[in-house]
Amino acid sequence: MVVRVVVGTQWGDEGKGKIVDWLTGHAQGVVRFQGGHNAGHTLVVGKTEYKLNLVPSGIVHTGVACYIGNGVVLDVHHLLEEIHKLEAGGIEVRGRLKVSSGCSLILAYHSALDIAREAAKSASDKIGTTGKGIGPAYEDKVARRALRVYDLFDPERFATKLKANLDYHNFVLTHHLNAAPVDFQTIFDQAMENAEELKPMVVDVSAALHEVNRSGGSLLFEGAQGTLLDIDHGTYPFVTSSNCVAGQAAAGSGLGPGSLHYILGITKAYCTRVGSGPFPTELDIKPEGTPGNQMSERGHEIGTVTKRKRRCGWLDLAALKRSIIINGVTGICITKLDVLDGLEELKLCTGYQLDGSGIDLLPLGAEEVARCVPIYETLPGWHASTKGAKNWSALPQEARAYLHRVEEIIEVPIDIISTGPEREETILRRHPFGA
């Protein structure tokens with residue numbers, strides 16, 4: 001079997017969806033292994049744009065199986081709405097989408113808790129959560145009180161667990177967060193209705209992937225968010241609630257880690273971040289004509305899920321090196337290179353000054369990262385357009401020099417360069433599937 005894992009190496013929004021879509025032609029299945037519907041992938045196929053939150057990006061390829069692994073926290077109602085939209089666009093989903101019976105469920109009280117907690121925080125303490133209940137759902141999972149997909153198909157057991165959870169969570173909502181309680185019957189009725197529609201898509205994903213493995217098929221694992229938002233390795237506490245690194249592909253799907261053969265790290269040619277948290281290379285995105293403004297406007301840097309403007313800054317190689325270590329990255333894919341076209345000069349962060357000492361790796365924890373002062377190396381920009389370039393020789397010499405310098409510093413090859421949102425706007429230097 002050939003298994004490839006695609007992960008984001010920054011704070012998410014690196015353009016993973018397009019690359020997964022581009023690679024799917026070489027895979028029999030695409031697997032989502034963590035996160036929830038707080039993630040967003042935008043695909044452009046011809047003149048059609050698809051925005052996905054839960055359904056794996058491979059769904060737009062006919063005949064490819066798509067799997068939602070046990071590491072995903074699942075809002076079933078949202079998933080079904082997403083399926084309906086895809087079907088309305090002429091894409092067959094139900095015969096190809098396989099959902100793990102072990103997924104923990106996101107229910108209405110999770111989003112109520114998420115929103116009420118964020119509202120109760122001071123401005124400086126706000127995480128920037130999407131309010132979709134992801135964190136509280138993972139909390140219930142770790143506390144061993146989560147309702148899981150398989151519970152949907154035993155109404156009596158589901159009702160018993162739901163009542164116990166509501167007793168606990170409604171107390172917190174009303175007594176500690178001054179929020180309205182959540183109604184049992186509304187959740188129960190909606191869950192039972194959704195269960196009937198979901199049931200034909202529920203399978204033992206671990207066993208299904210093992211069968212693909214045994215038969216010699218190829219799989220592509222797609223991560224959500226990015227490494228610097230990982231619950232263990234990111235800028236804690238300004239992180240997501242799951243592990244979004246390559247190692248989670250095994251735990252979040254039930255396929256052994258020895259099967260993960262190649263890790264592709266998706267990296268923007270600059271950095272962005274949505275929500276709160278430290279960002280050493282951040283630039284002001286407001287003044288017109290400045291590098292930060294160009295990144296924001298030309299890069300269309302608005303969150304797929306949040307609709308908030310993303311913060312923008314220079315490419316941070318000290319952070320990227322940390323991500324490479326954590327994920328065991330085999331090769332890098334640089335996206336949105338064309339956004340940098342026309343800048344007079346470019347800066348690469350090669351390390352930081354932290355409390356009077358120089359370091360070349362992003363430290364752990366938000367407090368330490370917030371004290372990091374970036375150390376920059378300046379390179380000349382380029383005036384020719386890289387938009388839509390399809391081969392290495394088509395790039396301006398200065399763009400090639402920029403990418404070569406990135407490779408030298410991170411000591412990992414750049415295998416793919418994305419020069420636009422369309423599938424064919426891609427430069428291939430080494431194929432992840434060896435094709």
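Source: prediction; values computed, not measured. Note that the numbering runs from 1 along the sequence shown for the chain.
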Problem set entry | Any residue meeting ring pair (Phe, Tyr, Trp, His ring centres under 6.0 Å) with Y50, in chain and number order, not counting sequence neighbours | none
Exercise. More than 12 foreign heavy atoms under 6.0 Å from NZ of K387: is that the case here?
Worked result: yes
Exercise. Where the side chain of E92 meets the backbone of G95, is there a donor-acceptor pair that is under 3.5 Å apart?
Worked result: yes
For this session: Would you list the pairs meeting side-chain hydrogen bond (donor to acceptor under 3.5 Å, both in side chains) in which at least one residue belongs to residues 275-292, sequence neighbours left out?
Result: E282-R311
Exercise. For residues T386 and D341, is any side-chain donor paired with an opposing acceptor at under 3.5 Å?
Worked result: yes
Exercise. Salt bridge between R145 and D140, side-chain N to carboxylate O under 4.0 Å?
Worked result: yes
Exercise. Which residues pass the ring pair (Phe, Tyr, Trp, His ring centres under 6.0 Å) test with H404, sequence neighbours left out?
Worked result: W392
Problem set entry | By side-chain hydrogen bond (donor to acceptor under 3.5 Å, both in side chains) - contacts of E87 (at least two apart) | R94
Exercise. Can you tell me how far the SG atom of C244 sits from the CG atom of L229, to the nearest 0.5 Å?
Worked result: 6.0 Å
For this session: Taking side-chain hydrogen bond (donor to acceptor under 3.5 Å, both in side chains) as the test, write out the residues that go with Q190, two or more places apart.
Result: H77, N194
For this session: Apply ring pair (Phe, Tyr, Trp, His ring centres under 6.0 Å) to H84 and list each qualifying residue two or more places apart in sequence or on a separate chain.
Result: none
Exercise. For S323, does its backbone N or O pair with a side-chain atom of N327 as donor and acceptor, under 3.5 Å?
Worked result: yes
Problem set entry | Cation-pi, F221 ring and R32 (6.0 angstrom, 45 degrees) | no
Exercise. Does any N or O in the side chain of K141 come within less than 3.5 Å of the main-chain N or O of L147, such that one atom is a donor and the other an acceptor?
Worked result: no
For this session: Could you tell me which residues satisfy ring pair (Phe, Tyr, Trp, His ring centres under 6.0 Å) with H169, sequence neighbours excluded, listed by chain and number?
Result: Y109
Exercise. Hey, what do you get for CG (L105) to CG (N165), rounding to the nearest 0.5 Å?
Worked result: 10.5 Å
Problem set entry | Non-neighbouring partners of T24 that pass side-chain contact (heavy atoms from CB on, under 4.5 Å), sequence neighbours left out | V20, V30, H61, V64, L220
For this session: Mind checking side-chain contact (heavy atoms from CB on, under 4.5 Å) for T378 and listing every partner two or more places apart, or none if nothing turns up?
Result: E345, K347
Problem set entry | Qualifying residues under side-chain contact (heavy atoms from CB on, under 4.5 Å), relative to P278, sequence neighbours excluded | T235, F238, R273, A366, V369, A370
Problem set entry | By side-chain hydrogen bond (donor to acceptor under 3.5 Å, both in side chains) - contacts of E408 (at least two apart) | R405
Exercise. Can you list the residues that meet the side-chain contact (heavy atoms from CB on, under 4.5 Å) rule with Q397, with sequence neighbours excluded?
Worked result: R400
